[in-house]
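In what follows, chains are A, B, ... by sequence order, proteins preceding strands, each numbered from 1. In this text, all values refer to a predicted model and were calculated from it rather than measured experimentally.
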2 protein chains.
Amino acid sequence: MTPPTAKADQTRARILEAAMQLFREKGYEQTTMRAVADAAGVSTGNAYYYFKSKDEMIQAFYARTHTEHLAAVGAILEQGGTLEQRLLGVMRAKLDTIAPYHRFAGVLFRTAADPGSPLNPFSEESLPVRSESTDVFARVLKGSRTKLPEDLAAELPQLLWTYHMGVILFWIHDTSKGHARSYRLMEGTVGLVVKLIKLARNPLLAPVRKASLKLLREIRGDDDRPPAAA
Amino acid sequence: MTPPTAKADQTRARILEAAMQLFREKGYEQTTMRAVADAAGVSTGNAYYYFKSKDEMIQAFYARTHTEHLAAVGAILEQGGTLEQRLLGVMRAKLDTIAPYHRFAGVLFRTAADPGSPLNPFSEESLPVRSESTDVFARVLKGSRTKLPEDLAAELPQLLWTYHMGVILFWIHDTSKGHARSYRLMEGTVGLVVKLIKLARNPLLAPVRKASLKLLREIRGDDDRPPAAA
DNA sequence: GTCTATAACCGGATAGAC
DNA sequence: GTCTATCCGGTTATAGAC
């Protein structure tokens, strides 16, 4: 068993640290790999030993915010509360966590456009990578006392994750002071989402619900026939 | 009146044509500006005289599909029909129009991420550029016999445009044969959207509707104070 | 003033020696 | 794991031709 090589990890961390600082100071485009390597006290070639590309540094940062978010969210998820309170707490924590990085969020978005990226909201392949992230929303649901029809409960965590990506997409383009509009959007839509969820429990709407969920599974492609057959 | 064309226009067209063909054959990343210039029989420097960047060629192509879409949609919009039929026709025409370019659609998406781009669904600045595009949806609504509350009617064209961007976003990542999933998504969601619009006319739901529209105006930011120039 | 070309720049990325 | 040297391609500077 190789212990997670001590010195290597430090070097990697040093490079990432330098990159983050420079990105913040000068922005992503204005920061050259040469500058990052310099600041970290390594050669450019060496920097590429640790990060396959400049973009990958951003992804590394993203992973970091994800960890921070998980930490921030622990308390909220354990203390009970209504569905709305819980969802609101988690979403607010998300916006709070990513706030310091708004400046180069555009790159993150570009990354998300790559079909192979774990940030891509639609790709099937990256689903496993996303599971930790969707799991947060599963816990949001489970901890609330809101009872849900089974078919809906199965899909809702993913749906909420997609919703949360939509909010982030807005946030990326939000130039309002303190990202006030994003918070406003989030607060307003969380309310709508919760109302909608409660509405979906109404037995009268079961046919609509079932049809919608069927559509969802179809377009996701894990419905009945595996795409190979087609 | 300047007569529509000098030799310049032809050169520009030749470059764009060469670019399109190469992009299709080899993909966007694999096509160099030098190759495009070569194929068009001009120098690289000259190619940059006509297009500020490689990305701008993609945008030029996008403008072209937009024109094609407008043409394709004319008949549909003039022949009446229900709201659902009209929206379905317009959306189907859209997917049909962009189909040949799926291969490098990812770049389009990346372009859309740029806050200054007219494709960016959220930016205020680019709203005028989008107006021709949202106008199609205004005509979809106007031609149908569906009566709408005024406040909703004012916002709906833009909302439908945003919806249509969402479908395209899905399409970009859709790897199913013939983009079947995108068509399925579109057909299914058009139905939902129309149902929702009809639901919104219900007087009992007026408070929800008004609150939602208020939220929409708030986050768009044309509510009270205009943001300072960027 | 509109067009075209050549040469160079710059920075992300890679090869390969140590 | 680290470096140096180099490649490659988008982009720009600039000079000249129509």
Write out all pairs satisfying ring pair (Phe, Tyr, Trp, His ring centres under 6.0 Å) with one or both partners inside residues 26-50 of chain A, taking only residues at least two apart or from two chains. A/Phe23-A/Tyr28

When the side chains of residues 89-99 of chain B are checked against the rest of the protein, which donor-acceptor pairs come out under 3.5 Å, sequence neighbours left out?
| from | atom 1 | to | atom 2 | distance (Å) |
| --- | --- | --- | --- | --- |
| B/Arg92 | NH2 | B/Glu187 | OE2 | 3.4 |
| B/Asp96 | OD1 | B/Tyr183 | OH | 2.4 |
| B/Thr97 | OG1 | B/Ala93 | O | 2.5 |

Please write out the pairs of protein N or O atoms and N or O atoms of nucleotides 1-5 of chain D separated by less than 3.5 Å, giving the distance to one decimal.
| from | atom 1 | to | atom 2 | distance (Å) |
| --- | --- | --- | --- | --- |
| D/dT2 | OP2 | A/Asn46 | OD1 | 3.4 |
| D/dT2 | OP2 | A/Tyr50 | OH | 2.5 |
| D/dT2 | O5' | A/Asn46 | OD1 | 3.1 |
| D/dC3 | OP2 | A/Ser43 | N | 2.6 |
| D/dC3 | OP2 | A/Ser43 | OG | 3.0 |
| D/dC3 | OP2 | A/Asn46 | OD1 | 3.4 |

Go through the structure and list residues passing side chain to side chain donor-acceptor pair (under 3.5 Å) with B/His66, not counting sequence neighbours. B/Glu132

Hey, could you give me each pair passing salt bridge (Lys or Arg N to Asp or Glu O under 4.0 Å) that has a residue in residues 30-40 of chain B? Not counting sequence neighbours. none

Could you check how far CG of A/Asp38 sits from P of C/dG11, rounded to whole Å? 12 Å

So, using side chain to side chain donor-acceptor pair (under 3.5 Å) as the criterion, who are the partners of B/Glu29 when residues are at least two apart? none

What integer distance in Å separates B/Tyr48:OH from D/dT14:P? 18 Å

Set of residues satisfying side-chain contact (heavy atoms from CB on, under 4.5 Å) with respect to A/Leu215, sequence neighbours excluded: A/Ile219, B/Arg184, B/Thr189

Looking at residues 16-34 of chain B, who's got a heavy atom less than 4.0 Å off DNA chain C? B/Arg34

Verify the neighbour count for atom CD of A/Gln30: are there more than 12 heavy atoms of other residues, nucleotides or ligands below 6.0 Å? no

Pairs touching residues 64-76 of chain A that satisfy salt bridge (Lys or Arg N to Asp or Glu O under 4.0 Å), sequence neighbours left out: A/Glu17-A/Arg64

Find the distance A/Phe51:CZ to C/dG11:C1' and express it as a whole number of Å. 19 Å

Could you check how far CD of B/Glu56 sits from P of D/dG10, rounded to whole Å? 15 Å

